[in-house]
Amino acid sequence: MSENQTIYAAFAEKLDAVLSALEMEGTLPPETNRANVSVEPPRDPSHGDLATNAAMVLAKQAKTNPRALAQQIVEHLQRDPAITSAEIAGPGFINLRLASQSWIEELSAIAAKGDDYGKSAVGAGTTVNIEYVSANPTGPMHMGHCRGAVVGDALASLLEHAGHEVTREYYVNDAGGQVDTLARSAHLRYREALGEDIGAIPEGMYPGDYLVPVGKAAADEFGNRFVSEPEEEWLPIFRAFAVERMMDVIRSDLALLGIEHDVFASEAALQAAKKPEAAEAWLREHDLVYDGVLEKPKGKTIEDWEAVELPLFRSTKFGDDQDRPIRKSDGKWTYFGADLAYHMQKAEAADALIDIWGADHAGTVKRIKAAVAALSEGQGTAIPFDVKLVQMVQLLRGGEPVKMSKRSGNFVTIADMVEEVGKDVVRFTMLTRKPEAQMDFDFAKVIEASKDNPVFYVQYAHARICSILRKAGAENLSPSEESLYLLGEDELTLIRQAAQFPREVEAAARAREPHRIAFYLYDLAAAFHAFWNLGNDNAQKRIIVAQSPELSGARLFLATQIGQVIRNGLGILGVEAVEEL
RNA sequence: GCGCCCGUAGCUCAGUCGGAUAGAGCAUCGGAUUCCUAAUCCGGGGGCCACAGGUUCGAAUCCUGUCGGGCGCACCA
């Protein structure tokens, strides 16, 4: 086995060699198409350690029936001493059993690789930029941002484990009209901090208390310099000041979830650098932007709608319903106009881009994908670009929907959430379902049932392992690689489960689905708990067996490696591997 | 009206590039603790994989249509 190879890949190579041999013999035609051949652990463990569909997939090409071809393959495979049995089953599956030595070696491999076990090189040499969260800098983070934040962060770690170089990026929307509102709201709080009675917060301003400290900070910074100045004097200053403060709040909210971005990209800076102008010029040159009139929107009535000529991007050429404006009628950039330039900026430093968006932005996916495709292909390098939509989380408390409105200042913040249930529970809960399905998050249930939360189940397995190692230490026993041959079928079952970890990481990374790791860890923890409980019925099956330091050493070594795999997996998810519960 | 996502056990959800008898947790019923952490384990009951066609050696999985739920359809962000 080579350095970074999984046990499954190793046997896939052996099978490949057999198929090549059969081509040489003429049983198979030369250059058979093996694209659909797989080597996988069968779902039902009684079928063996590995199964391949090779005979069924290739029978047609070989102009024979699957079971006959399987027989040929089996004869070759049986010559391998690492394969103790090769059987044909059902319509032509080949089930393999591996010598226990193969599994024992895998256990040693876990120990040798340690924290690197599960890492892979499939993504080596590719830089991936993943943009996630990107919440508007107008207030603290609320629960609506949480799922995308956690999924994006776990995906970033997952891709790192697969060998990619990853940039975690946050796009700060500090150029739009909502920042004016923020600045005015902050100015109001500033006057309040200087002793003015501001009364009720007027309609159209952000009423949240989180702006009170911003007002105080502004009072400390500026004194009464901007109290009675005209708005145009202070607005730009308050914009920058308030955004800076809000980003501090957001960064500390993200830190509560264990999230840290590498790059915070400012929309205002992008515009100051004239990036959108450059993109527009290029698009006009290639007839992808033209001046035209928007159609009246369908399915929604707008009272003051009127036809205006605007610069439009030809997104209909790429399957969108409508061409999309890149500038507003006042000449300023639309969100989309700036966003396409922003994606070009990201593409300059990465080989692939991923955006994590909330499902409420699904309608804008086509246009941005179209723009990135047009710009990156046009400029010579097609950049793979994936937008992952994270579906809405319905927040409940005891079955009743929790109303959230940023405008009224009434929303559940991430800080509240983490304080109530803890970072690990929030992260694991968000990661134990696929992101494209909607989910309910019921505070009452999560808190009440926190002891049944799967995250504790996994952490408990890790804590138990730590506990047994502490206990062993007290009895002068320690994990030992010397006598692993003493391990039997119960232990091998556990090793087989652990050995799937690298495969799971690769598959999850390829599919860009971090939730698979969470489910895998649950299964691994279940296998360990089951193994542990064997000792309840039969003292000979405990990890520490008083009469045999050798067997104890081997089992402690096994437990240590299971702990290692759980730790590595939880590391991808950003969940703590606690040593005690 | 159009676009995107979802529909699997009473509930919450997994299900590998299409693979063998569709799996977990919760709930329910029955068991396991003088003994390494019972926040654990073992077992029972519970299924028209929304529905109807199609593709093929084989479909929960792929394609088409229907029904149901969510999100979106502004020069907002």
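So that the names make sense, note that chain A is the first sequence line, chain B the second, and so on, each numbered from 1. Just the heavy atoms: all of them, side chains too, but no hydrogens, waters or symmetry mates, feed the values below.
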Short N-O contact, [X] and [Y], less than 4.0 angstrom:
{"X": "A/Asp320", "Y": "A/Lys369", "result": "no"}
{"X": "A/Lys346", "Y": "A/Glu169", "result": "no"}
{"X": "A/Glu513", "Y": "A/Lys434", "result": "no"}

NA contact type, [X], heavy-atom cut-off 4.0 Å: base, sugar-phosphate, or nothing?
{"X": "A/Ala511", "answer": "nothing"}
{"X": "A/Ala530", "answer": "sugar-phosphate"}
{"X": "A/Glu436", "answer": "sugar-phosphate"}
{"X": "A/Pro91", "answer": "base"}
{"X": "A/Gly90", "answer": "nothing"}
{"X": "A/Asp339", "answer": "nothing"}
{"X": "A/Arg503", "answer": "base"}
{"X": "A/Glu580", "answer": "base"}
{"X": "A/Gly177", "answer": "sugar-phosphate"}
{"X": "A/Ala461", "answer": "nothing"}
{"X": "A/Ala359", "answer": "sugar-phosphate"}
{"X": "A/Asn53", "answer": "base"}
{"X": "A/Tyr335", "answer": "base"}
{"X": "A/Asn536", "answer": "base"}

Quickly work out the [X] [atom1] to [N] [atom2] distance and round it to whole Å.
{"X": "A/Asn538", "N": "B/C36", "atom1": "CG", "atom2": "P", "answer": "15 Å"}
{"X": "A/Leu50", "N": "B/G19", "atom1": "CG", "atom2": "P", "answer": "17 Å"}
{"X": "A/Tyr460", "N": "B/C36", "atom1": "OH", "atom2": "C1'", "answer": "10 Å"}
{"X": "A/Met439", "N": "B/C11", "atom1": "CE", "atom2": "C1'", "answer": "15 Å"}
{"X": "A/Asp440", "N": "B/C6", "atom1": "CG", "atom2": "C1'", "answer": "13 Å"}
{"X": "A/Glu513", "N": "B/U16", "atom1": "CD", "atom2": "C1'", "answer": "10 Å"}
{"X": "A/Phe428", "N": "B/U12", "atom1": "CZ", "atom2": "P", "answer": "20 Å"}
{"X": "A/Gln391", "N": "B/G7", "atom1": "CD", "atom2": "C1'", "answer": "13 Å"}

Please enumerate all protein N or O atoms sitting under 3.5 Å from an N or O of nucleotides 58-62 of chain B, with distances to 0.1 Å.
| residue | atom | partner | partner atom | Å |
| --- | --- | --- | --- | --- |
| B/A60 | N6 | A/Arg43 | NH2 | 3.1 |

Can you check whether A/His515 has a side-chain N or O nearer than 4.0 Å to OP1 or OP2 of B/U16?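 The answer is no; no side-chain N or O of A/His515 sits under 4.0 Å from OP1 or OP2.
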Looking only at side-chain N and O atoms, does A/Trp357 come under 4.0 Å of OP1 or OP2 in B/C4?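 So the side-chain polar atoms of A/Trp357 never come under 4.0 Å of the phosphate oxygens OP1 or OP2 of B/C4.
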Which nucleotide, in any strand shown, forms a Watson-Crick or G-U wobble pair with [N], with both distances under 3.5 Å?
{"N": "B/U16", "value": "none"}
{"N": "B/A39", "value": "none"}
{"N": "B/U28", "value": "B/G44"}
{"N": "B/G1", "value": "B/C73"}
{"N": "B/U34", "value": "none"}
{"N": "B/U56", "value": "none"}
{"N": "B/U66", "value": "B/A50"}

Between [N] and [M], how far apart are the two [atom1] atoms, rounded to whole Å?
{"N": "B/C41", "M": "B/U33", "atom1": "C1'", "result": "11 Å"}
{"N": "B/A24", "M": "B/C49", "atom1": "C1'", "result": "16 Å"}
{"N": "B/A9", "M": "B/U55", "atom1": "C1'", "result": "30 Å"}
{"N": "B/G25", "M": "B/G68", "atom1": "P", "result": "35 Å"}
{"N": "B/A50", "M": "B/A59", "atom1": "P", "result": "15 Å"}
{"N": "B/G69", "M": "B/U12", "atom1": "P", "result": "16 Å"}
{"N": "B/U56", "M": "B/A14", "atom1": "C1'", "result": "27 Å"}
{"N": "B/A20", "M": "B/G58", "atom1": "P", "result": "14 Å"}

Closest nucleotide among [options] to the [X] side chain:
{"X": "A/Val57", "options": "B/G19, B/C76, B/U40", "result": "B/G19"}
{"X": "A/Lys434", "options": "B/A14, B/U16, B/G3", "result": "B/A14"}
{"X": "A/Glu40", "options": "B/C36, B/A77, B/U16", "result": "B/U16"}
{"X": "A/Lys328", "options": "B/A77, B/G15, B/C71", "result": "B/A77"}
{"X": "A/Arg367", "options": "B/C36, B/A77, B/C13", "result": "B/A77"}
{"X": "A/Met392", "options": "B/C41, B/C75, B/C71", "result": "B/C71"}
{"X": "A/Arg433", "options": "B/A14, B/A38, B/A20", "result": "B/A14"}
{"X": "A/Thr364", "options": "B/A77, B/U16, B/G72", "result": "B/A77"}

Quick check on RNA chain B: between A/Asp321 and A/Met56, whose nearest nucleotide comes earlier from the 5' end?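 Looking at the nearest nucleotide for each, A/Asp321 comes out on the 5' side.
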A/Lys366 vs A/Thr52, nearer the 5' end of RNA chain B by closest nucleotide: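 Result of the comparison: A/Lys366.
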Tell me whether the ring of A/His361 lies stacked over the B/G72 base, given a 5.5 Å limit on centroids and a 30° limit on the plane angle.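 No; by the centre-distance and plane-angle rule, A/His361 does not count as stacking on B/G72.
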Does A/Phe93 lie flat on the base of B/A20, that is, centres under 5.5 Å apart and planes under 30° off?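 Base of B/A20: stacked against A/Phe93.
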Stepwise salt bridge (Lys or Arg N to Asp or Glu O under 4.0 Å) test for A/Arg496 and A/Glu489: CA-CA 10 Å; A/Arg496 286 187 191 102; A/Glu489 194 49 39; 3.1 Å; yes
Polar contact flag, side-chain donor to acceptor under 3.5 angstrom, A/Tyr290-A/Asp323: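 Yes - a donor-acceptor pair under 3.5 Å links their side chains.
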Whether A/His343 and A/Trp357 hold their rings parallel, tilted or perpendicular, with breakpoints at 30° and 60°: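 The rings of A/His343 and A/Trp357 stand perpendicular, inter-plane angle above 60°.
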